[in-house]
Structure formats: C-alpha cells, structure tokens
Amino acid sequence: FRPMPCKNVGCSAFFSALWLDHHDGACPFKLVSCDQSCDDLVRRMDMQDHINTSCPKTPIACLFADIGCCSEPVLRGELQKHLDEKVHSHLQLAVKQIHVQNSKIADLSAQLTAVNTQLDHQAVVTQLTIDTMRDMGTEVTKLRKLVAKTTTMSEQEQKEVAALQKKVENLSKEVEKNR
C-alpha cells in the first residue's frame, strides 16, 4: 500500500496507488473534455454549469423566440452571428409585437373606461338609495308618532298622517325604481 494524493488541482483525496485509475475516473476536480465537444476543458463537477451557461455548442433559444423567431434553437456560440444576420427580421417581429400589445392595451383601456362608467353610475344610484332610505326613515318615525296619537287626532292631524303615508309610499316606489 503506497498512499498518494490526487494530482487534480483542488482535490485533497489520498488513496492507494492501485486506485489511481478508479479515482481519476470519478474525481470531480479532474479536467475533462466538454461533453458537447466544444474544445474546452472543464472540471468534471462543473460540466453541467458549463453546458448551461457558457458552452458554445449548447443549443439555446434566440432572444426573439418568444415573438416568433426560429423554431429551432441556435448554438450559443453562433447566437451573435444569428442576431447580426437577422436584425431586420427581428426588428419586424418586434414592431409587429408592439402593434399587438398596443391593440391589447387599447382594448383593455376601453374595457376599463366602461367599467369605470358603470361604477360611477352605480355609485350615484347607491347614494340616491341611501338618501331616499334616510328620508324614508325620518318620515316613518314621524308617521309612527302620529299614528300613536291617532286616537286623539284632529281632522288636521289626520290630513298630516295621510300626507305622510303618501310620502312614504312615494319614497318606497323611488327606492324600488333605483334598484
């Protein structure tokens, strides 16, 4: 048994010389060729990060894919060339998207205006209903007081009671109409 350290930078493993090939085949610090054959040497443990963020052979979506460019991904290393070559078509796609968005904004603005108009109308109706109900409550209170006096009521008081009953009736109709 002859102990030896791993020669890969950053690895602190020690193992028997007999296990060198085994460790070397799995060492996360070993520099290996990119899985996508891009010419870069990458630490084994950093391979996925390399592929996801910087490998020029990784297929990625064009920056304008969401608005209609390229059904096929572009290799990361060729993206700038693609962007340079497709400036005109990308601009056309962007302008088209702006028109679509402006149309949607106009539609939503019109809907919002209609809703605000309805809310304003409903607020007026609600306030009228509240005012009418308040007036009706006052008149009902007066009517109750007069009804309590009806046993000793004069002809004039009976006319007042009849007038108040008529007022309450009219206010009730107005509340129903405003609903």
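When reading the values below, keep in mind they use all heavy atoms of this one structure, side chains included, and skip hydrogens, waters and symmetry mates.
For the 3.5 Å distance criterion, the side chains of Q48 and N52 qualify, holding a donor opposite an acceptor.
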Subject >> salt bridge (Lys or Arg N to Asp or Glu O under 4.0 Å) between E139 and K142, worked out >> reply: CA-CA 5 Å; E139 297 302 322; K142 288 179 187 176; 3.8 Å; yes
*asked:* Between K30 and C6, does the side-chain contact (heavy atoms from CB on, under 4.5 Å) criterion hold? Intermediate values first, please.
replied: CA-CA 9 Å; K30 174 149 177 108; C6 178; over 6 Å; no
Could you go step by step and tell me if D131 and Q127 meet the side-chain hydrogen bond (donor to acceptor under 3.5 Å, both in side chains) rule? CA-CA 6 Å; D131 292 346; Q127 189 58 51; 2.9 Å; yes
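Under the 4.0 Å criterion applied to side-chain N and carboxylate O atoms, D84 and K81 are not assigned as salt-bridge partners.
No path of Ile, Leu, Val, Met, Phe, Trp and Tyr side chains, each step under 4.5 Å between heavy atoms, connects M47 with L75, placing them in separate hydrophobic clusters.
Nearest approach of T132 to L171, heavy atoms of both residues: CG2-O, 3.6 Å. When all heavy atoms are compared, the tightest approach of C69 to H82 is SG-NE2, 3.5 Å. Contact record, D49 with T53: O-OG1, 2.6 Å, taken as the closest heavy-atom pair. Annotation for H23 and A13: closest pair CE1-CB, 3.7 Å, computed over non-hydrogen atoms. Residues H50 and C34 share a closest heavy-atom pair of NE2-SG, 3.5 Å. What you find for D35 and I51 is that their closest heavy atoms are CB-CD1, 4.1 Å.
Distance check, rounded to the nearest 0.5 Å: CG of L164 to OG1 of T138 gives 11.0 Å.
Remark: side-chain polar atoms of R44 are paired, donor with acceptor, to backbone N or O of C27 under 3.5 angstrom.
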